[in-house]
Amino acid sequence: MGIWSFWLFLAVGFLIAELLSMSTTCLYIGIGALAAMICAFLGGEWMATIITFIVATSLLYAFTYRLRHRIIKVLNKNNAHGATGMDALIGRTGTVFAAPDSLRMKIDGDVWQVKPVHKDTELFPGEEVRVAGYDSIILKVEKF
């Protein structure tokens, strides 16, 4: 095996890590390793491939630094403001349905008990609502 195989394994490893982390740092390193692999295919020795790797990774980082925030936002577009856990449910919408003991709504396959944000608001099955907050594991919703 040639030098190119080392860079191929490195590139694949970092691109897989990027899929798991979605931070763009591993993406830059993976693309830099692909550039080094191409250099090796064209006959470059170890030192040439290492220089190609460093230059390609640095240039990618330098030219996309200002776009990095946007790239991360696109990668996390289904995750509202990078929120996790219960905070990720805020802003989601759904339809209220009746259960034997309370009103509920389904979000991504999970069923949640719901109550209106304002005590004077009444919810009925079939209404479209938006999650405005939560209290423990009960979602506070509002009509829209």
Atom CZ of Phe144 with >12 non-hydrogen neighbours under 6.0 angstrom: yes

Heavy-atom pair of closest approach, residues Thr93 and Met105: C-CE, 3.8 Å

More than 12 heavy atoms from other groups under 6.0 Å of CZ on Phe9: no

Hphob cluster co-occupancy, Ile3 + Leu42, side-chain heavy atoms under 4.5 angstrom: no

Connected via hydrophobic side-chain network under 4.5 Å: Trp7 and Leu15: yes

Least distance between heavy atoms, Gly44 atom then Thr49 atom: O-CG2, 4.1 Å

Same cluster (ILVMFWY, side-chain, under 4.5 Å), Ile38 and Tyr28: no

Pair listing, side chain to side chain donor-acceptor pair (under 3.5 Å) test, anchored in residues 106-118, at least two apart: Arg92-Asp108

Cluster overlap Leu139 with Val111, hydrophobic side-chain contacts below 4.5 Å: no

Considering all heavy atoms, the nearest Leu103-Ala98 contact: CD2-CA, 4.1 Å

Gap separating the SG atom of Cys39 from the CE atom of Met47, nearest 0.5 angstrom: 12.0 Å

Leu19: hydrophobic cluster co-members (side-chain, 4.5 Å): none

side-chain contact (heavy atoms from CB on, under 4.5 Å) against Ala99, all qualifying residues, sequence neighbours excluded: Asp101, Arg104

ring-ring contact (aromatic ring centres under 6.0 Å, His included) against Trp4, all qualifying residues, sequence neighbours excluded: Phe41

Show me the donor-acceptor pairs, under 3.5 Å and distance only, between side chains in residues 51-61 and residues at least two apart or in other chains.
unit_1	atom_1	unit_2	atom_2	d
Thr52	OG1	Ala48	O	2.8
Thr57	OG1	Phe53	O	2.8
Ser58	OG	Ile54	O	2.8

Ile107 with Ile90, same ILVMFWY side-chain cluster at under 4.5 Å: yes

Please set out all donor-acceptor pairs under 3.5 angstrom arising from side-chain atoms of residues 120-138, sequence neighbours excluded.
unit_1	atom_1	unit_2	atom_2	d
Glu127	OE1	Phe124	N	2.8
Glu127	OE2	Lys143	NZ	3.1
Glu128	OE2	Thr95	OG1	2.5
Tyr134	OH	Asp87	OD1	2.9

